[in-house]
Amino acid sequence: MDYQWYPGHMTRAKRQMQEDIRLVDLVIELTDARAPLSGRNPDIDSLAAGKSRILVLNKSDLSDPDQNRTWTAYFRRKGLIACEVNARSGGGIRQIRPMIQEACREKIERDRKRGIVNRPLRAMIAGIPNVGKSTFINSFARKSAAKTGNKPGVTRGRQWISVDKSLQLLDTPGILWPKFDDREVGIRLAAIGCIRDEILNSQELAVWLIGFLRSEYPGILEERFGVPAEGTGSDVLLRIAEARKCLKPGPEPDPEKAAQLLLDEFRAGKLGRLTLEDARQAEG
Ligand code: G4P
């Protein structure tokens, strides 16, 4: 598969994040619960060095509930404060506030000893594109939250959203670029829709997804499309094309349309709540 990245954007995003991170006490990192490892950029460890951290497994409404629990436990064992969230509906958002207190406990204590009271904690949301950063900010800070901070044109500076009197959120999220030296990581990110469709081959991706689903979630394809799932992935794609009337003029089955349909339905959760990375394997 051929991925085209734009090094200029990547460098700018990283530089911006390096600047912004100096302004915050805490980084709330989002990953995609359907591929929690692939959805993280390892640079976050150096970028957020010395800051308190929380890891949010977002879009948990689309991922396998058993895997959500196992992944959350996995990250907690690694020493991260982690939780699952559905930023779109607001599900799980309420646990974030107490987690922030927990993550920043040492800092709050240090401030208190120095006589610093009532200084709000400042947090940044970070993650790869499409992971749900803006949705999370809206959901967490609620639409009614007041924007504070420097007025544009008066002083150049960042905008802060007051979540409450003791917590402010940077209104622009930190963008981490996806990292996929490993081909499988790129494929998983593409499958969940973090990499735009125009820059990848949908049929190849759909065939990969068919292989994955047959092995990890047997019966799912048959159930959704009412077709046998044996044979090659391309055979299955043609059957899906016929079953769903994805046709070229002729009429003959159009595997490209079927690939797009399969990917769209997978991403929308119509095949069920599925996770592409097995937490039990990560345990080793
Ligand atoms: P970003 O800032 O990290 O780039 O991501 P953004 O919030 O724009 O979210 C990307 C897409 O993911 C949006 O869908 C958003 O609604 C969806 N999303 C975010 N969080 C969740 C979640 O927890 N569950 C589900 N199911 N979806 C989530 P979109 O199709 O691009 O826009 P729209 O249809 O919501 O308007």
Side-chain angles (χ1 to χ4, degrees), residues 3 5-6 9-10 12-14 16-17 20-21 24 27-41 43-44 47-48 53-65 67-69 71-72 75 82-97 99 123-143 145 147 158-161 163 169-180 188-200 202 260-277:
Y3 306 107
W5 286 115
Y6 309 102
H9 289 179
M10 224 185 297
R12 253 196 314 281
K14 192 167 173 178
Q16 186 66 60
M17 194 163 161
D20 287 348
I21 219 151
V24 301
V27 177
I28 302 175
E29 179 198 354
L30 265 60
T31 188
D32 193 303
R34 293 167 297 172
L37 292 183
S38 300
R40 301 185 72 197
N41 180 321
D43 288 347
I44 186 79
L47 280 166
R53 299 257 297 273
I54 291 179
L55 179 66
V56 172
L57 281 75
N58 192 36
K59 308 200 185 183
S60 61
D61 54 311
L62 298 174
S63 54
D64 184 328
Q67 291 284 351
N68 287 348
R69 277 189 291 276
W71 274 118
T72 305
F75 288 118
C83 64
E84 48 181 281
V85 154
N86 170 357
R88 198 181 244 173
S89 74
I93 290 283
R94 272 212 304 243
Q95 52 187 329
I96 302 292
R97 195 62 186 86
M99 282 181 166
M124 171 202 265
I125 310 304
I128 63 171
N130 271 323
V131 74
K133 297 180 293 301
S134 310
T135 312
F136 181 89
I137 291 174
N138 284 335
S139 185
F140 183 48
R142 293 178 301 276
K143 301 273 186 319
K147 278 197 179 184
R158 291 327 230 149
Q159 293 287 314
W160 298 92
I161 304 167
V163 176
L169 218 55
L170 193 58
D171 80 339
T172 33
I175 301 171
L176 290 162
W177 233 257
K179 197 158 193 159
F180 37 84
R188 285 186 211 112
L189 291 175
I192 61 177
C194 276
I195 300 172
R196 283 178 308 139
D197 280 356
E198 310 93 80
I199 58 173
L200 51 93
S202 354
Q260 209 49 62
L261 178 119
L262 171 64
L263 292 169
D264 286 348
E265 295 204 353
F266 166 73
R267 289 168 186 161
K270 290 183 181 162
L271 276 75
R273 295 178 63 181
L274 309 173
T275 298
L276 298 181
E277 286 172 338

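Basis for what follows: all heavy atoms, side chains included, without hydrogens, waters or symmetry-related copies. In each ligand, atom 1 is the first atom listed, and ligand 1 is the first ligand listed.
- Across L276 and A191, no two heavy atoms sit closer than the pair CD1-CB, 3.8 Å.
- Remark: minimum distance from atom 7 (O) of ligand 1 to any protein heavy atom is reached at T135 OG1, 2.6 Å.
- Checked for salt-bridge contact, D43 and K14 meet the test: a charged N lies under 4.0 Å from a carboxylate O.
- The shortest N or O to N or O distance between S60 and ligand 1 is not under 3.5 Å.
- Atom 20 (N) of ligand 1 has N58 ND2, 3.1 Å as its closest protein atom, hydrogens excluded (heavy atom only).
- In this structure the side chain of L57 reaches within 4.5 angstrom of the side chain of F75, judged on heavy atoms.
- Atom 27 (N) of ligand 1 lies below 4.0 Å from at least one non-hydrogen atom of the protein.
- For the pair N130 and G193, the tightest heavy-atom approach, listed with the atom from each and the gap, is ND2-O, 3.5 Å.
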Going through the checks in order, is the side-chain contact (heavy atoms from CB on, under 4.5 Å) test met by R53 and I44?
CA-CA 10 Å; R53 299 257 297 273; I44 186 79; 3.7 Å; yes
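- In the vicinity of N86, heavy-atom distances shorter than 4.0 Å reach the ligand 1 atoms 22 (C), 23 (O), 24 (N).
- Protein heavy atom nearest atom 21 (C) of ligand 1, with residue, atom name and distance: K59 CG, 3.6 Å.
- For atom 13 (C) of ligand 1, the nearest non-hydrogen atom of the protein is R88 NH2, 4.3 Å.
- Looking at atom 1 (P) of ligand 1, its nearest protein heavy atom turns out to be K133 N, 3.4 Å.
- For the pair E84 (side chain) and A33 (backbone), a donor-acceptor distance under 3.5 Å is absent.
- Residue contacts with ligand 1, taken as heavy atom pairs separated by less than 4.0 Å, involve D61 solely via side-chain atoms from C-beta onward.
- Put simply, atom 36 (O) of ligand 1 has no protein non-hydrogen atoms near it, under 4.0 Å away.
- Inclusion of F136 in the set of residues having an N or O under 3.5 Å from an N or O of ligand 1 is not warranted.
- Atom 5 (O) of ligand 1 has as its closest protein heavy atom G132 N, 3.1 Å.
- Looking at heavy atoms from C-beta onward, L263 lies in side-chain contact with S202 at the 4.5 angstrom threshold.
- Across all their heavy atoms, L170 and M124 have their closest contact at CD2-CE, 4.0 Å.
- Within the model, atoms CZ of R34 and CG of L62 stand 5.0 Å from one another, a figure rounded to the nearest 0.5 Å.
- Contacts of L62 with ligand 1, taken as heavy-atom pairs under 4.0 Å, involve the side chain alone.
- Polar contact check, A87 against ligand 1: a nitrogen or oxygen pair lies under 3.5 Å apart.
- N130 OD1, 4.9 Å is the protein heavy atom nearest to atom 31 (O) of ligand 1.
- The shortest side-chain heavy-atom distance between L47 and M17 falls under the 4.5 Å cut-off.
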